[in-house]
Engineer: 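Sharing a structure with you now.
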Amino acid sequence: MTNNIHVLVIPYPAQGHVIPLMEVSRSFIRNGLKVTFVNTEFIHKRVTSAWSDIDVPNDLMNMVTISDGLGPCDDRDDLVLLTKAMFELMPTKLEELINDIDKNNEDNITCIVADFCMGWVGKVARKMGIRLALFTPCSAAVVAVAMSIPKLIDDEVINTRGKLLKDDMVQLSTSMPLLDPTMFVWVCMGDPIMNQVLFDYLFLEGNEATKIADRIICNSAMELEHGTFTLFPKMLPIGPLLATNNSTKQVGHFWNEDSTCLTWLDQQPINSVIYVAFGSITIFNQTQFEELAMGLLDTKRPFLWVVRHSTSGSMDYVLPDGYMDSIGTLGKIVNWAPQQEVLKHPSVACFMSHCGWNSTMEGGSNGVPFLCWPYFADQFFDKTYICDVWKTGVSLNKDDTCIVTRGEIKSKVDQLLNNYTIKQNALNLQEKVIDCLQKGNSSDKNLNNFIDWVKEGNAHA
Ligand code: UDP
C-alpha cells in the first residue's frame, strides 16, 4: 500500500488551458503529489502527437481521457457546440472515471483541481465528497467579475441573463482598475448565442464552482492584481507559472515546436527582434493577414512570426507574392514557436500579441514590452492591464474598415521601440513578479500552503 496524495487535474480543452495546468501539475509532482491529468480524447491525441522527450509523463503523472461528448466528425472549433456537449456528458464520465481509479488504484483521488471554465466539475466534486480547488488560466479580474455577477445584477449593470443594461465603466473596488462592461467576456464575443452560452455555462457555472471550491489558485502575481486579490482573498496567486520552473520548457503543446527559430534568434542583434504570435485561436481574414505581412516588412526590423497551420497541416493564409524573397533573412516564419524560450531570448525586443493571459504572463515575466492586438474574450481586459495599468505596451488600433494597417504597424513598432519608459516599466514589472516567486514571498508561499492543504486531505469514503 502506497500513500501518495492523488490529485485529479482537469483543464478546459484548449491550448491556453492545458499548458498552464500541465505546469501546475509538474509543480505538484515536484512536491511529491501524484497527478491524474484528464484531457478530452481529442486533446489527448493532439498533445501526445506533439510530445517531445522531456514531456513524457513519469510515474507520478498519469494521463487519462474522457469523451467531450462530441462525435468524431463534429466541429470542435464551434465553442457553442463543444461547451454544451461537455457540460452535458462529462459530469457522468468524470464520476465513472474517479470510481474506476479508486477501485483499481492504491491511492484514491482526494482532491480535484479544475479549470474555472469547467465549472460543472464543482457539482461532481460535491456529490462525491472530494475536495475541490479551482485554477484560473485567465486574470483574477475575470474571475472577480464572475464572482460579482449577483452584484452586477443588483446594480443593474446586467440583467439575470447577462445582458448589458448600461455601459458605464464598472469598478468592483477602488483598488481595482475600471472595467469596461462591453468587454465582459460574455458580452464581447459578437455572436449573441455564443455570449449566452458563455454566460450560462462558463460564468454562472464557474461562479457556482467558486463557492464549492475551498481554494482558487491563479496564474497571476500579487504585484500584478493587488486590488483584486485583496477584495477576493479566496483567490491565491501562484504565478507567473512558467517562471517558477527553472527549466523554461513548456509542456502540453498541440503543435510541434519549431526550434530552428532559436538558432535564428542567436544570429540577430540583441534587443532587435519583433516577436509576433497570436496564440492558438486567433484568426485573421486574408486582407488583414497581408497587411500584417507588409507592415512587418515595412518596419525594416528583424521579426519572428508564428503563422499557425491548420490541424490538417496546411497554412490557411496566402503570403503576398514574392514575400519570402523580400524578407530574405530579415524575417523568420514558423508554424509554432517554443514561446517561453523565445521570450527569454536577449534578441527579442518586443512582443506583438493577442494578449492571451498566458502570453501576457510570459511576456511580463521576461520583461518584454507589448504591441497589443486583442482578438476576443478576456484579451481586451488583458490589453487594459498592459497599456493602462502596468504601462508596458501600446495598442495597435484598427482603421474605419476594421483593419490594422501597415502604417499603423510600422508607426507603433517605432513608437514602442523608441520608448525608454515603457521598456523600463516592463523590466520593473519583471523584477516585481519574479520577486513574488522567491522563497517565502507571495506566490511561493501560496503554492506551498496550497500543497500543504492538498496533503492534509483524507481519501473520500
Ligand atoms: N504558444 C507557444 N508557441 C506559439 C504560440 C503560443 O508555445 O507559437 C503558447 C504560449 O506560450 C501560451 C499558449 O501557447 O502558453 C497560448 O496561450 P494564450 O493564453 O496566450 O493564448 P490562447 O491560445 O489561449 O488564445
Side-chain angles (χ1 to χ4, degrees), residues 11-24 26 43 46-47 50-52 54-55 76-77 79 82 115-117 135-139 142 185 188-189 198 202 218-220 239-245 247-262 264-265 273-284 303-311 315 332-345 348 351-366 368 370-383 385-386 393:
Y12 185 88
Q15 182 69 95
H17 299 242
V18 171
I19 288 179
L21 267 167
M22 287 288 281
E23 193 53 35
V24 169
R26 290 206 298 179
I43 295 299
R46 291 197 65 183
V47 168
W51 273 147
S52 69
I54 77 132
D55 296 344
R76 285 172 172 79
D77 292 335
L79 285 184
L82 175 65
D115 195 316
F116 167 77
C117 298
F135 168 75
T136 69
C138 49
S139 65
V142 168
V185 174
C188 73
M189 300 295 283
L198 291 187
L202 265 52
C218 308
N219 181 16
S220 185
L241 275 175
L242 282 149
T244 59
N245 185 356
S247 115
T248 55
K249 192 91 181 67
Q250 298 165 316
V251 292
H253 292 268
F254 292 2
W255 290 266
N256 289 305
E257 296 156 277
D258 184 342
S259 299
T260 60
C261 60
L262 297 173
W264 179 86
L265 279 173
V273 174
I274 313 165
Y275 173 54
V276 186
F278 302 98
S280 59
I281 298 170
T282 310
I283 39 175
F284 292 113
F303 63 88
L304 169 60
W305 183 12
V306 178
V307 182
R308 268 186 349 262
H309 295 184
S310 67
T311 33
M315 198 196 266
K332 169 95 178 157
I333 298 180
V334 293
N335 172 31
W336 192 251
Q339 179 159 303
Q340 179 71 5
E341 289 160 89
V342 167
L343 289 168
K344 266 201 154 42
H345 199 286
V348 170
F351 184 7
M352 185 182 292
S353 168
H354 69 311
C355 310
W357 186 246
N358 294 289
S359 295
T360 303
M361 289 298 94
E362 291 158 17
S365 55
N366 285 299
V368 180
F370 278 82
L371 289 150
C372 299
W373 190 337
Y375 172 66
F376 81 156
D378 56 331
Q379 296 155 12
F380 299 97
F381 263 22
D382 305 345
K383 184 208 86 171
Y385 267 138
I386 294 169

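Just so you know, these numbers come straight off a predicted model, no measurement behind them. Just so you know, these numbers use all the heavy atoms, side chains as well, and skip hydrogens, waters and symmetry mates. Both counts, for ligands and for their atoms, begin at 1 and track the order of listing.
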Engineer: Quick one: look at H354 and ligand 1, take heavy-atom pairs under 4.0 Å, and tell me if it's side chain, backbone, both or neither.
Structural biologist: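 Only the side chain of H354 comes within reach of ligand 1.
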Engineer: Please name all residues satisfying side-chain contact (heavy atoms from CB on, under 4.5 Å) with F380, sequence neighbours left out, ordered by chain then number.
Structural biologist: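 Scan of F380 (side-chain contact (heavy atoms from CB on, under 4.5 Å), adjacent residues dropped) gives M183, C188, P374.
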Engineer: Measuring only between side-chain heavy atoms, which start at C-beta, is C355 closer than 4.5 Å to F381?
Structural biologist: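 A side-chain contact under 4.5 Å is absent here.
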Engineer: Answer with yes or no whether the side chains of Q250 and E257 bring together a donor and an acceptor at under 3.5 Å.
Structural biologist: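 No, no side-chain donor-acceptor pair sits under 3.5 Å.
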Engineer: Checking contacts here: is it the side chain or the backbone of Q250 that comes within 4.0 Å of ligand 1, counting heavy atoms only? Could be both or neither.
Structural biologist: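 The answer is the side chain.
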Engineer: Using a 4.0 Å heavy-atom cut-off, which part of W336 comes near ligand 1: side chain, backbone, both, or neither?
Structural biologist: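 Near ligand 1, W336 shows its backbone as well as its side chain.
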Engineer: Can you find a pair of side-chain heavy atoms, one from S139 and one from D378, that are under 4.5 Å apart?
Structural biologist: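 No; the side chains remain at least 4.5 Å from each other.
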Engineer: Identify the protein heavy atom lying closest to atom 3 (N) of ligand 1, giving its residue, its atom name and the separation to 0.1 Å.
Structural biologist: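 For atom 3 (N) of ligand 1, the nearest protein heavy atom is A337 O, 2.6 Å.
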Engineer: Can you tell me which portion of N358 lies within the under-4.0 Å heavy-atom range of ligand 1? Options are side chain, backbone, both, or neither.
Structural biologist: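 Both backbone and side chain.
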Engineer: Could you list which atoms of ligand 1 come closer than 4.0 Å to a heavy atom of W357?
Structural biologist: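 Result: 19 (O).
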Engineer: Side chain, backbone, both or neither: which part of H253 has a heavy atom under 4.0 Å from ligand 1?
Structural biologist: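 It is the side chain that touches ligand 1; the backbone stays farther off.
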Engineer: Among all protein heavy atoms in this structure, tell me which lies nearest to atom 24 (O) of ligand 1, with the distance rounded to 0.1 Å.
Structural biologist: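 Result: G16 CA, 3.5 Å.
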Engineer: Please state whether H17 comes within less than 4.0 angstrom of ligand 1, counting heavy atoms only.
Structural biologist: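 It does not, in that no heavy atom of H17 comes within the 4.0 Å cut-off of ligand 1.
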Engineer: So Y12 and L21, do their side chains get closer than 4.5 Å, heavy atoms only?
Structural biologist: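 When only atoms from C-beta onward are counted, Y12 and L21 do not touch, as no gap falls below 4.5 Å.
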Engineer: As a check for students: among G252, S359, S280, identify the option with a heavy atom nearest to atom 20 (O) of ligand 1.
Structural biologist: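 Considering heavy atoms of G252, S359, S280, the nearest to atom 20 (O) of ligand 1 sits in S359.
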Engineer: Got the closest protein heavy atom to atom 12 (C) of ligand 1, with its distance?
Structural biologist: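 Nearest protein contact, heavy atoms only, for atom 12 (C) of ligand 1 is E362 OE2, 3.4 Å.
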Engineer: Which heavy atom of the protein is the closest neighbour of atom 13 (C) of ligand 1, given with residue, atom name and distance?
Structural biologist: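 Minimum-distance protein heavy atom for atom 13 (C) of ligand 1 reads I19 CD1, 4.1 Å.
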Engineer: For residues K332 and T260, report the shortest heavy-atom separation together with the two atoms involved.
Structural biologist: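 Closest approach of K332 to T260: NZ-OG1, 3.1 Å.
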Engineer: Any idea which heavy atoms bring Q15 and P20 closest together, and the distance?
Structural biologist: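 Residues Q15 and P20, closest heavy atoms: O-CD, 4.2 Å.
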Engineer: Would G279 count as a polar contact of ligand 1, with the cut-off being nitrogen or oxygen pairs under 3.5 Å?
Structural biologist: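 It does not: no N or O of G279 is found under 3.5 Å from an N or O of ligand 1.
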Engineer: Does the side chain of Q339 reach to within under 4.5 Å of the side chain of F351, using non-hydrogen atoms?
Structural biologist: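 They are in side-chain contact.
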Engineer: Counting each atom of ligand 1 from 1 as listed, which ones have a heavy atom of V306 under 4.0 Å away?
Structural biologist: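 What qualifies from ligand 1 is 8 (O).
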Engineer: Partners of A337 by side-chain contact (heavy atoms from CB on, under 4.5 Å), sequence neighbours excluded?
Structural biologist: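 Result, side-chain contact (heavy atoms from CB on, under 4.5 Å) vs A337: C261, Y275, V306, V334, V342.
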